[in-house]
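Written below as C-alpha cells is the structure these notes are about.
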Amino acid sequence: MSQQTDFDFIVIGSGFGGSVAALRLSEKGYRVAVMEMGRRWTPKTLPKTNWSLSRWLWYPSLGLRGFFRMRLFRHLLVLHGCAVGGGSITYASTLLRPKNQIWRSGSWAGLAPWEQEMNRHYATASRMLGVTENKILGPADELLKQAAQAIGRGSTFYRTQVGVFQEPNGEAGGKTYPDPYFGGEGPDRTTCTGCGGCMMGCRHGAKNTLDLNYLYLAEKRGAQIFPETKVIDVKPLGNKAEGSEGYLVTTESTTSFFRKNRKTFSCRGVVFAASALGTMELLFKLKDKGSLPHISPTLGSYVRTNCESLIGVRTAGEVDYSRGVAIGSGIYIDDHTHIEATRYPKGSDAMSLMTTLLTIGRPDPSRILVLLKNLFLSFLKHPVKTFRVLKPAGWAHQSVIMLCMQALEGHINMRYKRSWYWPFGKSMQSSGQKIPTFIPEANAFAQKLSALSGGTAMSMVSEILFNIPSTAHILGGCVMARSATAGVVDHQHRVFGYKNMYVCDGSVVSANLGVNPSLSITALSERAMGFMPPVTENNWIDAATERAEVKKLLTAETLLATGVKTH
Ligand SMILES: Cc1cc2nc3c(=O)[nH]c(=O)nc-3n(C[C@H](O)[C@H](O)[C@H](O)COP(=O)(O)OP(=O)(O)OC[C@H]3O[C@@H](n4cnc5c(N)ncnc54)[C@H](O)[C@@H]3O)c2cc1C
Ligand code: SF4
C-alpha cells in the first residue's frame, strides 16, 4: 500500500456523493480523509426551531454556524446544506427514482447503458439509505390528496419514498432499537415520531442522515473526517502537471475567526464532492489561479434546477399541518409537473419572512405593483385574516408548502468573473436564459388547495420582488461527456485532463431529473466507485527510494507556499 503521502484519497465534502466515496474507498483499502467545511451535529446539538438562527444558518463570518445556507444569484436563489453529512442533515429525506427517460436526454445520453446499469446502483443506494414508503400521512398529505381528486388527478397521489426509520405500520414512534440496517454494525436507531422536523435535522435520530450510515461505516473502516475544514487549494504534486504523482490539498478552518489554521495534506487522488455549487466554485478558483489549469472550459455549463417553484397555503384554523414527515406525499398535476406536500415543524416559523400572498402576473417589476395592490385590497377587505396569514407566529403549523418540480429541459450557466458592483475580485455568477419564476399550473393548484382548506395561497418573496426562482436542487456544472470539449468528467466521473481525480456529487448530473436528486447522486456515486480497483490492484506501491523522492518534493513545495505548514 502507498505510504508516502498523508492519504491515498482526499474527499472534499461529506454529502451524498462524498459519503459514498469515503465508504467505498475505505472498503477497498485506501487511506481516506474527508474534508468538510460544515460542523458535525448530533440530535442533542440540533436547534429546536429555526428561530435559533446561529444554529440553523451557515454564514460563519457572521457568527452563524448552522447547517443550512441560502445563496442569491442573478438567476436563482439556491438553498443548500453544509455539515458533516452534507445536505442530508437539512434535507427532507425524500428519496425518489427519476423516470428512465432522463438517461436518454442531456450530455450523458449514450455514454453507458444507463437503464440497464443503474437498477442495481439504485437498489444499493436505497438499501444503504434505508428507503421505505412513508407510513405517516399528516393533514398536509390528506389536503394534497383531496385537492388532487378535485382536479381529477387523484390517481397520481402517492406516499413518498423516504430515508426514515419508521414503525412498520406507522404506529407512534420514539422507540429505540439496535441497528436495523447493517446487521448490527450501525448505530442504534429510534423510530420516527412524525414531528415534521426533518428539514431542521432530526432530533429523534429517526432520519437516515449520512453520519448514521455511509460516514459511520467509513469511519469504522478508518476514514478520517475533518469537520469545519474547507479546501482552498488542490494542485498536482511534483513535476507531473496531470497529477500522476498525487496532489497537495490545502485547507483552512471555517469556524475560527482569527487563525485560519492552514494545513496542506498530500494524497494520491482527490474526489471533489462539495455539491454542484461547491465543486463548481472550487474548480473555477483553482482553474483561474493556475492550480488546475486543464479543467475543461465547459465548467459551469448546463446547470439545472429541476425547474422548481415553492408555493403554499397558509391557513388560520386549528389543524396542525406540521404533523407527518417533511415531505410525506406527492402528485402529478400533469405528465411533467410534480408537486410534493412539504412542511416545517411547529415553531420553525422563520421561513415565513420569505413568503407573501400568491401574486399572478407577468414576471417583471409590474408584478411587485400587483403584489402591493393585492396586499392593500386584502388588508382593506379582510384585515384580521390578512394579518393572520402574514404574521410569522404559527406559520409552520398553519402552512402547507408545495414543492413544484418540472422535468422540462432548460439550463443556465455559471461563470467566474468580476461583477460591475465588485470589480476587485472574481466570483461565481449565473448567466443565460432566465428560469420561469412561476408555473401557472402550480399557481392554479395552490388556489384550489386554498379554497379547500379555507386558507390563502402564498408564494416566495424572491420570486415576486426579484423575479428569481428558488431551488434546493441545483445540479450540473461538471457534466459528463465523451471529451473535455463537451464536459468536465467522463462517465466514470474521472476529470478530463487529470489522473486520479474524480467528481462525485450533484454537479455531474447531466439532465433534469424532475424529482429530488439525492438518491440519484448516491446511486451515481456508487456506480463511479464501483470502477475503482481495490488498493492491492492499484499500481500505487512505492519503492522506498521513490517514497523518499516524493517526500523531498513535498517539503520543497510546501516551503514555497507562504504561511502553509505540512500536516
Ligand atoms: C431544505 C432542503 C431540503 C431538501 N430536501 C431534499 C429531499 O427531500 N430529497 C432530495 O433528494 N434532496 C433534497 N434536498 C437537496 C439535497 O440536499 C442535495 O441535492 C444533496 O445534498 C446534494 O448532494 P451532494 O453530494 O451533491 O452535496 P451536499 O450534500 O450538498 O454535500 C456537499 C458538502 O460539501 C461541503 N463543501 C462545499 N465546499 C467545500 C469545500 N471547499 N471544502 C470542504 N467542504 C466543502 C458542504 O459543506 C457540504 O456539506 C434538499 C435540500 C435542502 C436545502
Ligand atoms: S418527522 Fe421528525 S422524527 Fe421523523 S424523521 Fe423527520 S424529524 Fe425525525
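Counting convention: from 1, in listed order, for ligands and their atoms alike. Numbering starts at 1 and runs along the sequence shown.
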If you count heavy atoms of other groups shown closer than 6.0 angstrom to NZ of K48, is the number above 12?
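At most 12 heavy atoms, drawn from other residues, nucleotides or ligands, come within 6.0 Å of this atom.
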NZ of K135: more than 12 outside heavy atoms within 6.0 angstrom?
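Correct, the count exceeds 12.
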State the atoms of ligand 1, each with its element, that fall below the 4.0 Å cut-off from a heavy-atom position in G87.
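So the atoms of ligand 1 that pass are 17 (O), 21 (O), 28 (P), 29 (O), 30 (O).
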Would you mind telling me if ligand 1 is within reach of the side chain of [X], the backbone, both or neither, using heavy atoms under 4.0 Å?
X    : value
I521 : side chain
S93  : backbone
E281 : neither
S507 : neither
A326 : neither

Please verify whether a non-hydrogen atom of [X] lies at under 4.0 Å from ligand 1.
X    : result
P517 : yes
I12  : yes
T229 : yes

Return yes or no for this condition: an N or O of [X] is under 3.5 Å from an N or O of ligand 1.
X    : answer
M199 : no
G17  : yes
G506 : yes
L519 : no
A276 : no
G18  : no

Output yes when R40 and E219 qualify as a salt bridge under the 4.0 Å nitrogen-oxygen rule, no when they do not.
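Counted as a salt bridge, because a side-chain N and a carboxylate O are separated by less than 4.0 Å.
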How are the rings of [X] and [Y] set to each other: parallel, tilted or perpendicular (split at 30° and 60°)?
X    : Y    : value
Y498 : Y247 : tilted
H491 : F531 : perpendicular
W395 : Y344 : tilted
F226 : F265 : perpendicular

Partners of S507 by side chain to side chain donor-acceptor pair (under 3.5 Å), sequence neighbours excluded?
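Per chain and number, S507 pairs via side chain to side chain donor-acceptor pair (under 3.5 Å) with D505.
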Evaluate R127 against E526 for salt bridge (charged side-chain N to carboxylate O under 4.0 Å, His left out), listing each step before the verdict.
CA-CA 12 Å; R127 182 174 51 78; E526 285 281 6; over 6 Å; no
Given M405 and L96, is the side-chain contact (heavy atoms from CB on, under 4.5 Å) satisfied, shown in steps?
CA-CA 13 Å; M405 289 169 271; L96 302 181; over 6 Å; no
Is ligand 2 less than 4.0 angstrom away from at least one heavy atom of G173?
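No.
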For atom 48 (C) of ligand 1, which of the options E36, K230, M35 provides the nearest non-hydrogen atom?
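That would be E36.
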My understanding is that we take every heavy atom of each candidate and find the minimum distance to atom 8 (O) of ligand 1. Doing that for L210, V325, T94, V78, which one comes out nearest?
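Heavy atom nearest to atom 8 (O) of ligand 1 belongs to T94.
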Distance below 2.8 Å from atom 2 (Fe) of ligand 2: protein N/O/S atoms
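Per the 2.8 Å query on atom 2 (Fe) of ligand 2, atoms found are C195 SG.
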Taking the cut-offs as 6.0 angstrom to the six-membered ring centre and 45 degrees off its axis, would you call K426 and Y416 a cation-pi pair?
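K426 over Y416 ring: no.
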Full working for side-chain contact (heavy atoms from CB on, under 4.5 Å) between M529 and C504:
CA-CA 9 Å; M529 290 298 110; C504 281; 3.7 Å; yes
Closest approach of any protein heavy atom to atom 31 (O) of ligand 1, naming residue and atom
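The protein heavy atom lying closest is G15 CA, 3.3 Å.
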Closest non-hydrogen protein atom to atom 2 (C) of ligand 1, residue and atom name please, with distance?
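Of every protein heavy atom, T90 O, 3.9 Å lies nearest to atom 2 (C) of ligand 1.
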Under 4.0 Å from a heavy atom of G324: give me the atoms of ligand 2 that qualify, with their elements.
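By the 4.0 Å cutoff, the relevant atoms are 1 (S).
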Let me know which of K285, K263, R262, K289 forms a salt bridge (Lys or Arg N to Asp or Glu O under 4.0 Å) with D233.
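Running salt bridge (Lys or Arg N to Asp or Glu O under 4.0 Å) over K285, K263, R262, K289 with D233 returns exactly one hit, K289.
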Are T250 and T264 linked by a side-chain donor-acceptor pair shorter than 3.5 Å?
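Note: T250 and T264 side chains meet the donor-acceptor criterion.
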